[in-house]
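Notes follow once the structure below has been shown.
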Amino acid sequence: MYDIAQLDVPPLRRAAGTVRLPGSKSISNRVLLLAGLAEGRTEIHDLLDSDDTRVMLQALRQLGCGIAGDDRVTTVTGIGGSLRQVRTPLSLSLGNAGTAMRPLAAALALLVTRDGGDVELSGVARMHERPIGDLVDALRRIGALIDYLHHDGYPPLRLRAGGTLNIERPIRVRGDVSSQFLSALLLALPLVSDGGGQPITIEVDGELISKPYVELTLALLQRFGIEVQHDGLQRFVIPAGSRYRAPSRIHVEGDASSASYFIAAGAIAAVEAPLRIEGVGLDSIQGDIRFVDAARAMGAQVAGGASWLEVRRGAWPLKAATLDCNHMPDAAMTLAAMALYADGRTRLTRIGSWRVKETDRIAAMAVELRKLGATVLDGADSIEVEPPASPAAWRRAALHTYDDHRMAMCLSLAAFNPLAGARVPVRLLDPRCVGKTFPEYFETLFGVVGADAADIPVITVDGPTASGKGTLAAAVAARLGWRQLDSGVLYRATALAAMRANIAGDDTEALARVAAALALRFDGDQVWLDGVDVGAALRHEAVGAFASQVSALPEVRRALHALQLSFRRVPGLVADGRDMGTVVFPDAALKVFLTASAAMRAERRHKQLMAKGISARLDALRADLEARDARDMHRAVSPLKPARDALLLDNSSLTIEQSADRVLGWWGERNTFD
Ligand code: C5P
């Protein structure tokens, strides 16, 4: 998860490889609700772990459901369709999760009316701007007592006891607002279908939008034992006496809307090899799988099986198209991003529901695509996008994401602009919002894209031993969301491997061979050498001293060169060592040379060692540091010295945070966006 304020995505040129999708949000939250209301235990496999599902899980816990599980399997023990065991008043806080608010409001309103109780439903500020009036009207008409706590028509809501259920006559809902209302009723009404001894009927006024979501609801209801009859999705009949039965085991498909970003990436940038998507296939029950047809219409080549897709670029530039997006509002946003690479004007119609989602998506998309250089016409119910008129018309834009996961994911696709002849990075403000449905989106994307090394920004931090380079580099990398190369580790690992193999310090050939064959693996803060965690061993003073000795050998340095370059990966690299700015990354965008007095550095190292319970003498440490500095500075190859264009940073009296602020300040000055 990129837990940072802004993320700069460098210009991307390729996409290939395999991604595994997180579970579908729509399926996950419906399944959770159904399992929570059912009688018995449901084992849910591959549930999405995201903000929205966490909100739903928390609500279910408060309702008294039993929840257990691990990464892959979640078990939910339901409340058996009754609120009688639940202690109320209850206050549920549902974040910005529409997939939790609507169905919970419906289900709980009916249960409170039948069983008694008092429930308050609220969310974040944006949730309180998302309309719920149509659903509340329908629920009131069937007897529920519901109060608006702030503004009429919007959450927060209070569900009160005292009403009388009136479900004999057909229940009417408007079809043109949000299918989530209808889904909510379909999910809720079976709970009270045992009362009157007659079936419950719902009738849709006008044409139903987002039909596939309703079909998804019906498919999942069926898995939980409820057979709803319908004719053409206009009139629905829930049989009398319907009861939720836990299916014991259910599997959540990968999210088809999440797949859309990778289908688009493949259509744009999978030229030599395909981009494979696992977790969802062509026969998915999710409506958004029809994005595949739209992507094909724009030129994508898509193959697929039961739970996989493979995408390649077909037509290039993509083909501009006019597409009716009524049936896949979420994935349709991705088409607006694909339109940046089309051969003309792309028109997306019947997308009015975009206006009442996480943000007003039509307005937001228009503003942000224009910032990139596109020409955009935004209508009440449509959007038209024309790509930037020429490669030079693409702008280095800082793009807002509106706390909307789909805005962030769509806009990231603008980084493929080199394929349209441009070469600009894309800045995404507040990328954390992807956590709503796809917390690992950027990691997943960066795992399958390629960029020219020259386009991947590098910041180097060089300096003498114990100057705090590693700590500073880690802090800067964390705040930018970049990778880090602690090059000292490579020399230390070479030294350690050589010591273990009893290789002498003057056996140049053998040392170079060890360096060239290093089997190193990095996992967060851990370093593995030949499958063993060597994090602690690498920090031993003896290993450092031997590293300083072997690092003076040109053969060893040469052997480690390619390995160091391979760390330059999207979205960027902070590299620390002795010669990062001078030899390994001479084209780095920002070079920092750290200085701190030998006395200060000796003191820091002393503290570090003491904290680890290793005793050491300050004067001996200082002598050792100075000897190492001398060797690093006076060796013939890659001597320790500031690059000509390095900025000096004396951190003797600075905290790590202050040093990182300084470096990020310099970086910000050199790296500006419109
Ligand atoms: O930075 P650290 O103390 O972990 O590095 C261990 C040794 O590796 C240093 O003493 C230095 O001699 C060597 N080194 C190097 N070039 C680098 C990084 C480290 O020569 N880029």
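This one's a predicted model, so the numbers in the text were calculated from it and none came from an experiment. Counting starts at 1 for both ligands and their atoms, following the listed order.
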Tell me, which protein residue and heavy-atom name are nearest [atom], and how many Å apart are they?
atom	result
atom 7 (C) of ligand 1	A547 CB, 3.8 Å
atom 5 (O) of ligand 1	G488 CA, 3.4 Å
atom 14 (N) of ligand 1	Y491 CD1, 3.6 Å
atom 3 (O) of ligand 1	R492 NH2, 2.9 Å
atom 9 (C) of ligand 1	R578 NH2, 3.1 Å

Self-check item: Centroid-centroid under 6.0 Å between Y261 and Y441 rings
Solution: yes
Practice problem: Verify whether the ring centers belonging to W394 and Y341 lie closer than 6.0 Å. | Solution: yes
Among the heavy atoms of [X], does any lie under 4.0 Å from an atom of ligand 1?
X	result
R557	yes
R631	no
R635	yes

Quick one: which ligand 1 atoms are inside 4.0 Å of a heavy atom on [X]?
X	value
T465	3 (O)
M580	21 (N)
S551	11 (C), 12 (O), 13 (C), 20 (O)
S548	10 (O), 12 (O)
S487	17 (C), 18 (C), 21 (N)

Quiz prompt | Check: D632 N/O within less than 3.5 Å of ligand 1 N/O | solution = yes
Exercise. Answer yes or no: does an N/O atom from D579 fall short of 3.5 Å to an N/O atom of ligand 1?
Key: yes
Practice problem: Quick one: sort the W667 and W482 rings into parallel, tilted or perpendicular, breaks at 30° and 60°. | Solution: perpendicular
Quiz item: Between D46 and R72, does a side chain to side chain contact (heavy atoms under 4.5 Å, CB included) hold up when you go through it step by step?
Solution: CA-CA 5 Å; D46 294 331; R72 295 200 66 99; 2.9 Å; yes
Quiz prompt | Heavy-atom side-chain contact between F567 and V584 under 4.5 Å | solution = no
Quiz item: Should the pair D674-K371 be classified as a salt bridge under the 4.0 Å nitrogen-to-oxygen rule?
Solution: no
Quiz item: Hey, mind stepping through M409 and V434 against side chain to side chain contact (heavy atoms under 4.5 Å, CB included) and telling me if it holds?
Solution: CA-CA 7 Å; M409 295 189 277; V434 299; 3.7 Å; yes
Exercise. Mind running side chain to side chain contact (heavy atoms under 4.5 Å, CB included) on L496 and R492 for me, showing each step along the way?
Key: CA-CA 6 Å; L496 181 66; R492 286 172 184 266; over 6 Å; no
Quiz prompt | Distance-only donor-acceptor check, side chains Q484 and D576, under 3.5 Å | solution = yes
Quiz item: Only one of R604, R605, M610, H606 clears side-chain contact (heavy atoms from CB on, under 4.5 Å) with Q608; which?
Solution: R605
